[in-house]
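Not measured: the values here are computed from a predicted model. A note on names: the letters A, B, ... follow the listed sequences, proteins ahead of strands, and every chain is numbered from 1.
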Amino acid sequence: MEDLLEQSALVQWRIDGELHELEVVPGASLLDVLREQVGKTGTHMGCRTGHCGACTVMIDGAVAKSCIAMAATLPRATITTIEGLTAADGTMHPIQQAFWDAAGLQCGFCAPGILLSTAELLQTNPAPNDAEIDAALAGTLCRCTGYQSIRRAVGEACVRMYPDAAGE
Amino acid sequence: MADSPDGDLKYVGRSIRTKEGRAPLIGKAKYTSDYAFAGQLHACIVRSPHAAARINRVDLSAATRVAGVRLAMHGADVAALTDPIPDYLEPALFGGKAAAHRCLAIDEVWCYGQPVAVVVAEDMRTARYAAARVQVDYTPLEAVVDAEAALAVGARTIVPGWDDNLLMHVPFMHGDTVAAFESADQVVSTEVKIHRFSTQPMETRCYNAVWEHNTESITLYGTSQNPHPLRLVLAQTLRMPENKIRIIASTIGGAFGLKMHGHPEEGLICLLAKLTGQPVKWLESREECLLIGAREQKHYIEMAVNNDGTVLGLRDRFYANTGAPSACPGWGMAFLTGLTMPGPYKVRDIDVQMHAVSTNKPSWNAARGYGKESTAIALELAMDNVARQLGVSPVTVRLKNFIGKDEFPYDSPTGLLYDSGDYAGAVEKTLQAIDYDDCLEEQASARESGRYIGIGVAFELTPEGGAIPGSMVVGYDTSSVRVGPDGTVRLLTGVTSPGTGNATGIAQIVADELGVDIDAIEVLQGDTNASPYGFGNYSGRSTIVGGGSAALAAQDVRLMIDKVAAALLEVERSSLVLQRGVYTSTADSSASVTFAEVCYAAYTRAYDVALCIDPPLEATRTFRPPSIRHTPDANGNINPYPSYSNAAYATVCEVDVQTGQVKLLKFAVTHDCGKVINPILVEGQACGAIGFGIGGALTEDVRYDASGRQLTRSFMDYVMPRMSDMPPIAVEHHDMPNPGNYLGLKGAGEAGVGGSAAAVVNAVNNALQPLGVVMNELPLTAPRVWAAIQQASVAPTPGGDQ
């Protein structure tokens with residue numbers, strides 16, 4: 001245990017707007033640190049091999065699989081989890097609201113990957129076509145919906161975020 | 001009591017957004033693995049690397065020396081403190097063999113991945129590290145991997161004391177097949193191989209057991225579809241009274257049958273909590289989750305047909321490789337495959353021989369479709385083969401043999417009683433939805449330009465809401481409706497939600513019956529200390545019996561509230577109108593009182609206006625679908641299902657003959673689930689199940705080497721559909737209400753797997769017909785399709801079956 005402490009790394013992360021200084025042990029994944037040390041249980045473990053996307057977060061604005069990101073390799077980073085999409089007063093992000101209203105998800109376990117990938121896509125693309133949506137969300141597996149309701153909800157989110165772009 | 005004049009106020013039939021609401025979308029839903037308690041310990045399980053082996057010795061000493069380890073146990077340790085795990089569904093009920101299921105293996109392992117030892121430590125890393133220090137001395141035995149080889153003379157019996165590996169043989173026979181086959185114009189033979197594919201919910205299993213020192217009882221937070229029946233199983237396994245166990249099945253991240261119980265870890269983790277006096281958590285890895293199998297069957301089908309396409313008789317001999325014996329109900333899928341024959345077809349002379357075989361592959365658990373998907377795959381591939389052999393359209397062959405919509409209720413040759421349906425109508429709607437005639441033209445012109453486009457059609461009959469006499473698979477369920485003094489509603493139901501949204505559907509029903517706003521209803525499921533005794537989620541039953549029982553309870557409570565309202569307003573009950581939370585009377589225009597005021601009076605004025613009722617405003621009712629029949633008929637048959645949902649599928653694919661890659665271009669389904677409570681939720685169920693079928697038909701496959709070691713260990717190897725793999729799905733409803741059930745419900749959720757898989761396979765075969773390729777062995781992965789094309793181009797056998 002002494003050895004582990006000597007090797008542990010100090011990281012500074014801004015997680016969902018809040019600054020955290022943490023000591024992380026070598027080999028710990030970002031997923032484990034977020035869930036166990038920071039209490040961000042909205043980020044889920046689905047496979048630990050980077051295939052399913054239930055653990056998705058944004059690192060410095062880009063989506064990443066937290067289960068295969070080694071915590072110690074990120075000395076300073078801004079991290080957004082699914083919990084950070086919601087405003088401080090509890091108001092849902094338009095994407096979250098669109099997914100609720102359009103019944104985009106069922107069990108909700110894959111929500112981190114689906115919602116954050118949608119957010120990343122819509123940041124730069126106000127009117128994505130089906131192929132662009134498929135490509136942006138390719139990193140997340142959903143087992144409940146067959147993806148049809150997710151496509152519909154992403155379309156609904158576009159309309160809410162960019163009302164002027166609708167119809168293009 | 002006048003009905004609300006405003007029909008728009010009804011919730012049933014509308015796409016209401018889900019009661020699960022914000023929590024899963026803002027990352028605040030609490031799945032089982034999100035619970036952590038003071039003093040939390042973590043368990044890691046040591047599993048067998050061999051498919052079959054004798055355990056000579058388990059040495060825990062190196063593991064127990066690791067700092068932070070609190071407990072390490074092997075099979076004999078655990079067996080001294082527990083009894084065998086009772087079967088969810090006993091094979092003996094159907095004339096099958098019995099085996100003792102233990103939390104940890106003793107003396108012998110029966111499959112790769114079987115739990116052999118367990119380590120509990122203060123954190124997960126330490127538990128994993130220490131588990132790797134457990135030394136197990138094995139003598140490997142010859143592994144029995146293939147189902148038919150397992151039945152061969154001289155095959156090693158995998159369970160000591162058994163005389164062979166046949167878990168169960170059931171004949172499903174009716175009529176005179178010999179005469180049918182003699183009188184037919186020809187016999188069409190089809191071999192269908194259905195592979196092992198799995199449900200793989202995104203949330204793996206997790207159990208977190210807490211020893212309650214004050215009551216000397218156990219609280220298990222667990223991913224369970226059936227908390228009450230699991231409680232009984234744990235009581236027997238742990239040698240504890242049932243009333244000392246509480247199960248809380250929190251938010252579930254998908255289940256699809258995989259979280260039905262019988263798993264060795266359920267009792268094991270509870271025991272560890274009891275022994276350490278601290279909370280113990282086990283979270284299944286994806287590799288562990290992939291061990292749980294389903295569906296693998298080989299069918300040898302013969303259909304006696306006339307040249308016009310009429311099927312006169314069906315023979316099917318099939319072998320299900322159910323893996324090592326387990327307490328989970330997976331093996332029952334093989335039984336259902338036989339029982340559901342011959343599906344939607346009016347074939348009276350049948351001889352179906354079901355063989356459920358035990359092997360050294362890991363065990364099955366229930367998987368969406370529960371064997372009925374395999375009936376559909378086998379039958380629908382065989383029907384296409386009939387169409388090919390006779391040179392008639394696959395649509396014609398089906399329409400010629402369907403049970404007619406005026407022939408219900410229909411006595412099936414295996415003794416089932418189909419309630420209602422319009423199979424031909426569903427197929428016609430599906431063909432319209434996919435523009436079938438246009439597709440045929442497109443196919444013809446594509447062929448001229450060297451492109452291979454195929455159209456596949458299939459049908460699926462999915463009995464829902466099953467009940468097996470003498471087991472905890474029951475047909476009924478129970479709900480409580482409680483209205484508080486402020487007029488808000490608690491709805492407690494014995495059915496659970498695996499994340500399907502059934503809480504929303506049931507709340508819609510209750511909101512209509514009570515006449516309240518749906519937002520005033522809180523639904524509680526999955527806590528054995530709160531919900532009425534119930535059987536949870538399986539077999540598309542949740543809305544049928546959860547919704548049906550909640551409706552009855554709501555009607556009772558509504559009557560009580562109406563009585564108090566009439567007393568308060570001093571009017572006849574028949575003159576009351578309840579609209580938007582306010583009672584008025586057609587007899588007295590000045591009379592008005594809010595729903596909440598009436599509820600308050602019901603609690604607080606028990607000696608005057610509320611003398612007419614017995615407070616509190618609560619009722620508990622059971623709905624028992626009337627068409628289930630467990631008394632055997634003259635032929636000894638029972639009808640274990642109350643309703644028979646069904647669906648027709650069509651898909652269009654393009655096959656790249658250079659690579660063997662299959663791309664789905666279009667997909668349509670017409671679904672009959674009876675009355676639709678919430679269209680958006682039913683569509684979600686249908687599309688999700690179709691995702692399973694498409695994945696199963698094309699890419700999902702759990703593979704083993706010759707010695708029975710599992711090769712498929714991650715989502716790198718187990719390839720499930722991603723968004724780009726799924727075509728847009730046109731969903732049509734064709735509702736033929738079930739006359740026996742509340743609102744005519746038939747159930748949704750299971751239909752979709754088998755019919756869609758069969759449609760995809762039929763489409764690929766249709767695309768490759770010019771090349772003489774016919775593949776009836778799933779899955780149709782690109783390498784397999786490519787190899788079949790190469791083989792056919794070497795030795796063309798047009799129209800032939802492999």
Side-chain angles (χ1 to χ4, degrees), chain A residues 1 25 27-28 32 35-36 39-52 54 81-86 90 92-93 95-97 99-112 115 130-131 133-151, chain B residues 15 17-18 20-31 33-34 36 67-68 123-125 199-204 251-256 283 285-286 498-501 678 680-681 683-692 694 714-716 720-726 728-729 731 752:
Chain A
M1 285 302 180
V25 294
D32 286 341
R35 284 182 60 86
E36 286 157 25
K40 294 283 182 185
T41 53
T43 307
H44 298 145
M45 190 293 285
C47 70
R48 286 194 193 281
T49 53
H51 293 104
C52 83
T81 75
I82 182 174
E83 295 167 63
L85 273 181
T86 316
M92 291 204 284
H93 190 282
I95 294 172
Q96 292 170 316
Q97 189 68 49
F99 268 78
W100 189 13
D101 294 342
L105 300 178
Q106 289 178 30
C107 80
F109 201 79
C110 67
L115 298 184
D130 277 354
I133 296 172
D134 285 1
L137 273 63
T140 303
L141 288 167
C142 165
R143 203 56 171 158
C144 293
T145 63
Y147 304 100
Q148 178 133 317
S149 60
I150 295 176
R151 277 199 199 110
Chain B
S15 292
R17 67 184 186 182
T18 56
E20 287 78 5
R22 289 160 46 93
L25 295 165
I26 62 174
K28 294 296 183 193
K30 278 194 100 163
Y31 300 90
S33 63
D34 297 337
D123 63 85
M124 195 57 233
R125 286 161 67 94
T199 53
Q200 297 304 310
M202 297 322 301
E203 179 206 36
T204 57
T251 307
I252 304 282
F256 316 115
L283 174 60
S285 70
R286 184 55 64 182
T500 53
N678 188 325
I680 211 167
L681 295 182
E683 184 188 311
Q685 287 301 302
C687 292
I690 289 166
F692 275 48
I694 289 174
S714 77
F715 286 156
M716 177 77 94
M720 308 196 296
R722 292 184 184 270
M723 203 179 215
S724 54
D725 299 317
M726 289 295 291
I729 300 168
V731 182

Rounded at 0.5 Å granularity, tell me how far [atom1] in [X] sits from [atom2] in [Y].
X	Y	atom1	atom2	result
A:T86	B:R22	OG1	CZ	7.0 Å
A:I82	B:L25	CD1	CG	7.0 Å
B:M202	A:C144	CE	SG	9.0 Å
A:C142	B:R722	SG	CZ	11.5 Å
A:E83	B:K28	CD	NZ	4.0 Å
B:E203	A:C110	CD	SG	12.0 Å

[X] side chain to [Y] main-chain N or O, any donor-acceptor pair under 3.5 Å?
X	Y	answer
A:R48	B:R286	no
A:R151	B:M723	yes
B:R17	A:W100	no

Using a 4.5 angstrom heavy-atom cutoff, name the option from [options] with the most pairs to chain B.
options	value
A:D101, A:I133, A:L105	A:D101
A:H44, A:E36, A:Q96, A:Q97	A:Q96
A:G84, A:G46, A:A102	A:G46

Side chain from CB out, backbone as N, CA, C, O: work out which of these in [X] comes under 4.5 Å of a heavy atom of chain A, or both, or neither.
X	answer
B:I694	neither
B:Q685	both
B:S15	neither
B:I252	backbone

Shortest non-hydrogen contact between [X] and [Y], atoms and distance:
X	Y	value
B:P24	A:G108	CB-CA, 4.1 Å
B:P498	A:C107	O-CB, 3.9 Å
A:R143	B:T199	NE-O, 2.7 Å
A:F109	B:Y31	N-OH, 3.3 Å
A:H51	B:S714	CE1-OG, 4.2 Å
A:L141	B:P721	CD2-O, 3.6 Å

With a 4.5 angstrom heavy-atom cut-off, could you sort out which part of [X] is near chain B: side chain, backbone, both or neither?
X	answer
A:A135	neither
A:A54	neither
A:I150	both
A:T81	neither

Would you say the side chain of [Y] lies within less than 4.5 Å of the side chain of [X], judging by non-hydrogen atoms?
X	Y	answer
A:R35	B:D34	yes
B:S33	A:M45	no
B:S724	A:Y147	no

Residue among B:P201, B:G501, B:G21 with most heavy-atom pairs under 4.5 Å to chain A: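 Winner by heavy-atom pair count: B:G21.
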
Polar contact flag, side-chain donor to acceptor under 3.5 angstrom, B:E20-A:Q106: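 No - no donor-acceptor pair under 3.5 Å links their side chains.
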
